[in-house]
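Below: one structure, written as structure tokens.
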Amino acid sequence: MNIRATLADKPRPRYLMCNPQHFAVTYSINPWMDPKAWAATGQVLHAKAQQQWDGLHRALIRHGANVDVLVPASGLPDLVFTANAAVVLDGKALLARFRHPERRREEPIYAEGFHALRARGLIDQVIAMPDDVVLEGAGDCLWDARRGLFWMGAGFRSDKRAAGVVDDVFGVACVPLDLADPSFYHLDTALCPLPCGGVIYHPGAFTEEARAAIELRVAPADRIALDIADAELFAANAVCLDRVIVMSSCSAALRETLEQRGYTVVTTLLDAFLRSGGSACCLTLRLDRNSRATAQDAVTGTWATQRQ
Ligand code: ARG
């Protein structure tokens, strides 16, 4: 089979997003959120958020994704961050249980959304978290296709013992990582496993023990450490579509590092969402991940150059 046929035959990755019609910063549950500063800008930031969300939506479609859009609900300003809706793998959706009451109100809306996806045959099974265990969806639980495991952020929003639930539900390893910096309160704000085996991460976001757990499983050549400047641009909060990495923005140095590994970096500014502590990855949820599909066509740390 030639390469063109292989690429053409690949199914389009499917994502869930939610229109930011009701997006706003009206409460504060992370250090980025300042409701007074948001209110002071009137409708300006809201209009900007809509434009920026449209830009991300367009970029994903242009680079080969299918996007399903959840109907927004008034009074739920963070519903736009669909990464937090559930952990999804192999057709199973493990619905999120949120830490804060402000976001708990989103749970029935996401549940309804997943039942609708199941009715359309896009999800096989919708599973609830145990009542007393908190896990904020894929925002804190990232699938690493190359290693065949989940990385799970713990401490601020998700309970460490949620790793056992993930393990049981999906039958794969789940490595809990304690988060240390409240500005990087969800794992996806500080870590991004790339399909070729590289892992983008901001070491300062993790406890020493968590850093050791990462370093145990990620070889030095595969570690792409972000300094605080790139971390604060939420460069780790990226969406990977094969060799294309979509993010809000990053330094020239990070772009070059990623390009040297065979990736194309596509930036589409999302700073209106940073006002809420979110960016590209948070605004999307991959629905069609499969634990058997590892990045077979990749080589350690870099894409095979003959494929370009
Ligand atoms: N304001 C939201 C919160 O604090 C932002 C969520 C961002 N989502 C993410 N997956 N990191 O919950």
Side-chain angles (χ1 to χ4, degrees), residues 15-20 22-39 45-46 49 52-53 56 60 70 72-73 75-88 93-107 109-110 134-143 150-159 162 166 177 179 181-193 200-202 205-206 226 231-240 246-248 270-287 289:
Y15 289 88
L16 181 69
M17 293 180 73
C18 174
N19 194 285
H22 302 293
F23 172 65
V25 178
T26 56
Y27 50 77
S28 182
I29 54 173
N30 72 52
W32 303 90
M33 300 175 83
D34 181 346
K36 278 205 188 110
W38 178 276
L45 274 174
H46 188 265
Q52 294 187 341
W53 185 93
L56 174 65
L60 296 184
L70 187 75
L76 297 177
D78 279 338
L79 195 70
V80 70
F81 298 112
T82 52
N84 296 121
V87 180
V88 185
L94 176 61
L95 295 173
R97 168 123 315 123
F98 287 92
R99 170 83 63 201
H100 296 292
E102 290 88 340
R103 294 210 67 185
R104 273 209 174 170
R105 293 181 292 125
E106 297 171 31
E107 289 174 14
I109 311 278
Y110 284 141
V134 172
L135 173 62
E136 298 202 346
D140 255 338
C141 204
L142 296 169
W143 178 244
F150 276 116
W151 299 102
M152 196 198 89
F156 295 110
R157 296 297 187 85
S158 302
D159 296 332
V166 172
L177 300 171
L179 299 173
D181 180 340
S183 292
F184 304 103
Y185 57 94
H186 276 144
L187 183 65
D188 68 354
T189 64
L191 185 140
C192 177
I200 301 175
Y201 72 118
H202 172 52
F206 299 93
L226 295 190
E232 286 183 342
L233 293 172
F234 269 35
N237 199 254
V239 180
C240 299
V246 183
M247 64 173 74
S248 176
L270 293 162
D271 58 340
F273 294 98
L274 194 52
R275 300 281 196 131
S276 189
S279 198
C281 182
C282 309
L283 292 166
T284 64
L285 177 64
R286 180 84 187 259
L287 295 175
R289 282 203 197 285

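Note that ligands are numbered from 1 as they come in the structure, with each ligand's atoms numbered from 1 the same way. In this text, all values refer to a predicted model and were calculated from it rather than measured experimentally. Numbers for residues simply follow the sequence, beginning at 1.
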* Only heavy atoms count here, so choose which of R103, E106, R275 is nearest to atom 6 (C) of ligand 1. =>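 Among R103, E106, R275, the closest heavy atom to atom 6 (C) of ligand 1 comes from R103.
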* To do: From the options C282, S276, A85, select the one whose nearest heavy atom is closest to atom 9 (C) of ligand 1.
  =>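 Heavy atom nearest to atom 9 (C) of ligand 1 belongs to C282.
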* Counting only heavy atoms, which portion of N237 has something under 4.0 Å from ligand 1: side chain, backbone, both, or neither? ->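 Contact part for N237 vs ligand 1: neither.
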* May I ask you to identify, for Y185, whether its side chain, its backbone, both or neither come under 4.0 Å of ligand 1 on a heavy-atom basis? =>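 Answer for Y185: side chain.
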Relative to the heavy atoms of [X], which atoms of ligand 1 are at a distance of less than 4.0 Å?
X	result
G277	7 (C)
R157	3 (C), 4 (O), 12 (O)
G139	10 (N)

* Aromatic contact, F23 with W38 (centres under 6.0 Å) ->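 Between W38 and F23, which both carry aromatic rings, the centre distance is below 6.0 Å.
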* Can we call the ring centroids of Y201 and W151 under 6.0 Å apart? ->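 So the answer is no for these two rings.
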* To do: List for me each residue that meets side-chain contact (heavy atoms from CB on, under 4.5 Å) alongside A236, sequence neighbours excluded, and say none if there are none.
  =>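 Scan of A236 (side-chain contact (heavy atoms from CB on, under 4.5 Å), adjacent residues dropped) gives I200, L226.
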Under 3.5 Å: N/O of [X] near N/O of ligand 1:
X	result
D188	yes
T189	no
E136	no

* atom 8 (N) of ligand 1: nearest protein contact (heavy atom, Å) ->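 Its nearest protein heavy-atom neighbour is N84 OD1, 2.9 Å.
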